[in-house]
Amino acid sequence: MSASDVLPRKEANVLRGHEGAVLAARFNSDGNYCLSCGKDRTIRLWNPHRGIHIKTYKSHGREVRDVHVTPDNSKLCSCGGDRQIFYWDVSTGRVIRKFRGHDGEVNAVKFNEYSSVVVSAGYDRSLRAWDCRSHSNEPIQIIDTFLDSVMSVCLTKTEIIGGSVDGTVRTFDMRIGRELSDNLGQPVNCIAMSNDGNCILASCLDSTLRLLDRSTGELLQEYKGHTCKSYKLDCCLTNTDAHITGGSEDGFIYFWDLVDASVVSSFQAHSSVVTSVSYHPKDNCMITASVDGTIRVWKT
């Protein structure tokens, strides 16, 4: 069997309901559900495997740019153009807390593994950490060493990693207060971590994905073929770490071989820019989202 046979490219479902561009779509931790958000200021919860819309969350005043759900699926966080981070109860749809403090739009949010802290990445060149359990609206940490908008954030047990338009991927070790900076020389609009935690994948605005060794910062590989020049496009690794996947501004999805960087599969997934890709944690299944307003579910 070739690599392209095991990778998803058969459309299983189309999730419709957003008005306007969908800016992010994310599987939950077990892959049974997914969340999406977009220009229409809503967040939507779906069962992607059955093609069913479950719930809509409305409270944001501007477009919603990112969403993340806790491992137990009980809470979610979201952010966007209204400069706020919302902390939601999934089942009731109620906003538990609103965190304010960014001086500009917020591009990305992530929970830590204990779901006790949310870290946000802002247009104001900062990363901010917020305590979900305290009643303070002040951030517990502000990292403002970036020289331009912070587009994306990843978390490990002890580190916060940010990708910025200033061309850097910066790693902050919370235990010892150390910062490491890897300069890629091109604006970074998305970062993703490999499942084994050893590598960081960075999407850059020169239509290149770059794979970095987390411990040394060494550039391991570059992946090309797609178009990424003016939009924030997601990228990620498949659940086995054998392949890299990402969207393209021409509506295509690309899969690359991790090691030799060859394109092993590419296909037209959407009629417009593919903003978001999310790979199922266990199965060969992925969801993609687009400026065309749809979320599509792909299986093998």
Side-chain angles (χ1 to χ4, degrees), residues 3 7 24 26 65-66 107-108 110 119 121 123 125 127 143 145-156 159-173 178-250 252-266 269 273-279 286 288:
L7 294 168
R26 311 266 181 253
R65 296 191 181 180
D66 197 13
N107 296 314
K110 282 277 190 328
V119 179
Y123 198 73
R125 309 178 179 184
L127 287 167
I143 298 164
T145 51
F146 294 91
L147 305 177
D148 208 328
S149 177
V150 191
M151 299 302 291
S152 186
V153 60
C154 290
L155 305 179
T156 69
E159 295 157 319
I160 299 176
I161 306 156
S164 170
V165 176
D166 70 9
T168 64
V169 174
R170 296 174 195 246
T171 303
F172 305 89
D173 190 313
R178 184 186 63 182
E179 173 186 336
L180 296 172
S181 179
D182 299 308
N183 193 348
L184 302 183
Q186 294 289 337
V188 177
N189 66 3
C190 177
I191 56 170
M193 202 176 312
S194 59
N195 297 285
D196 62 13
N198 293 333
C199 300
I200 284 279
L201 180 66
S203 166
C204 300
L205 286 178
D206 62 343
S207 301
T208 307
L209 300 174
R210 290 174 170 85
L211 189 70
L212 304 174
D213 183 294
R214 275 213 334 116
S215 56
T216 65
E218 180 192 353
L219 179 64
L220 300 174
Q221 193 53 279
E222 297 186 341
Y223 309 88
K224 299 182 180 184
H226 64 305
T227 306
C228 176
K229 293 191 167 84
S230 46
Y231 283 84
K232 179 181 178 180
L233 306 185
D234 279 352
C235 58
C236 65
L237 290 93
T238 58
N239 50 31
T240 59
D241 282 342
H243 297 93
I244 303 280
T245 182
S248 180
E249 290 178 11
D250 57 9
F252 273 73
I253 292 289
Y254 282 79
F255 284 96
W256 293 267
D257 182 275
L258 176 85
V259 179
D260 71 13
S262 59
V263 175
V264 292
S265 175
S266 69
V273 178
V274 182
T275 51
S276 193
V277 294
S278 180
Y279 209 86
M286 74 182 294
T288 59

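Numbering of residues begins at 1 and proceeds along the displayed sequence.
The side-chain heavy atoms of H226 and L209, taken from C-beta on, include a pair separated by under 4.5 Å. At least one side-chain heavy atom of C190 sits under 4.5 Å from a side-chain heavy atom of D234. Considering only heavy atoms from C-beta on, V277 comes within 4.5 Å of I253 through its side chain. A heavy-atom distance below 4.5 Å is not found between the side chains of E218 and L212. Side-chain contact check for Y223 versus V263: every heavy-atom pair is 4.5 Å or farther apart.
The structure places CZ of R210 at 13.0 Å from CG of L220, a figure rounded to the nearest 0.5 Å. With rounding to the nearest 0.5 Å, the separation of OG1 in T240 from CG in N195 is 8.0 Å. We find the OG1-CD distance between T208 and Q186 to be 7.0 Å, quoted to the nearest 0.5 Å. Here L258 contributes atom CG and S194 contributes atom OG; the two are 8.5 Å apart, rounded to the nearest 0.5 Å. Taken to the nearest 0.5 Å, the OG1 atom of T227 stands 5.0 Å off from the CG atom of D250. Between I244 atom CD1 and E222 atom CD the span is 12.5 Å, to the nearest 0.5 Å.
Smallest separation of non-hydrogen atoms from L7 and S265: CD1-CB, 4.4 Å. A108 approaches S152 most closely through the heavy-atom pair CB-CA, 3.9 Å. When all heavy atoms of V188 and A202 are compared, the pair lying nearest together is CG1-CB, 4.1 Å. For I191 against C154, the heavy-atom pair with the smallest separation is O-SG, 3.6 Å. Heavy atoms only, all atoms of each residue included: S230 and E249 are closest at N-OE2, 2.8 Å. Across every non-hydrogen atom of D196 and C199, the tightest pair is OD1-N, 4.2 Å.
For CZ of F252, the number of neighbouring non-hydrogen atoms (other residues, nucleotides, ligands) closer than 6.0 Å is greater than 12.
In terms of the ring-ring contact (aromatic ring centres under 6.0 Å, His included) criterion, residue partners of Y254 (sequence neighbours excluded) are, by chain and number, W256.
Panel note: side chain K110, backbone L155; no donor-acceptor pair is recorded below 3.5 Å. A donor-acceptor distance shorter than 3.5 angstrom exists from the side chain of T156 to the backbone of E159, with no hydrogens or angles considered.
Counting only N and O atoms by type, the side chains of S276 and R26 include a donor and acceptor under 3.5 Å apart. Counted by atom type alone, S203 and N189 present one or more donor-acceptor pairs between their side chains at under 3.5 Å. Side-chain contact of R214 with N198: a donor-acceptor pair under 3.5 Å is absent, judged by distance alone. Under the 3.5 Å distance criterion, with hydrogens and angles disregarded, a donor-acceptor pair is assigned to the side chains of N107 and S149. Between the side chains of T171 and E179, no donor-acceptor pair of N or O atoms lies under 3.5 Å.
Taking the ring centre of F146 as origin, the terminal cationic atom of R170 falls inside the region bounded by 6.0 Å and 45° from the ring axis.
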Before you tell me yes or no, could you show the steps for V169 and I161 under side-chain contact (heavy atoms from CB on, under 4.5 Å), namely the whole-Å CA-CA distance, both residues' side-chain angles and the distance that decides it to 0.1 Å?
CA-CA 7 Å; V169 174; I161 306 156; 3.7 Å; yes

Begin from the C-alpha positions of S207 and K229 and carry the test side-chain contact (heavy atoms from CB on, under 4.5 Å) through to its verdict.
CA-CA 6 Å; S207 301; K229 293 191 167 84; 3.7 Å; yes

Please report the C-alpha distance between L127 and I160 in whole Å, then the side-chain angles of each, then the deciding distance to 0.1 Å, and finally whether the side-chain contact (heavy atoms from CB on, under 4.5 Å) criterion is met.
CA-CA 9 Å; L127 287 167; I160 299 176; 3.7 Å; yes

Run the numbers on S248 and V274 for side-chain contact (heavy atoms from CB on, under 4.5 Å), then give the verdict.
CA-CA 6 Å; S248 180; V274 182; 5.9 Å; no

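Exactly one residue among L237, V259, T238 makes a side-chain contact (heavy atoms from CB on, under 4.5 Å) with H243. That residue is T238.
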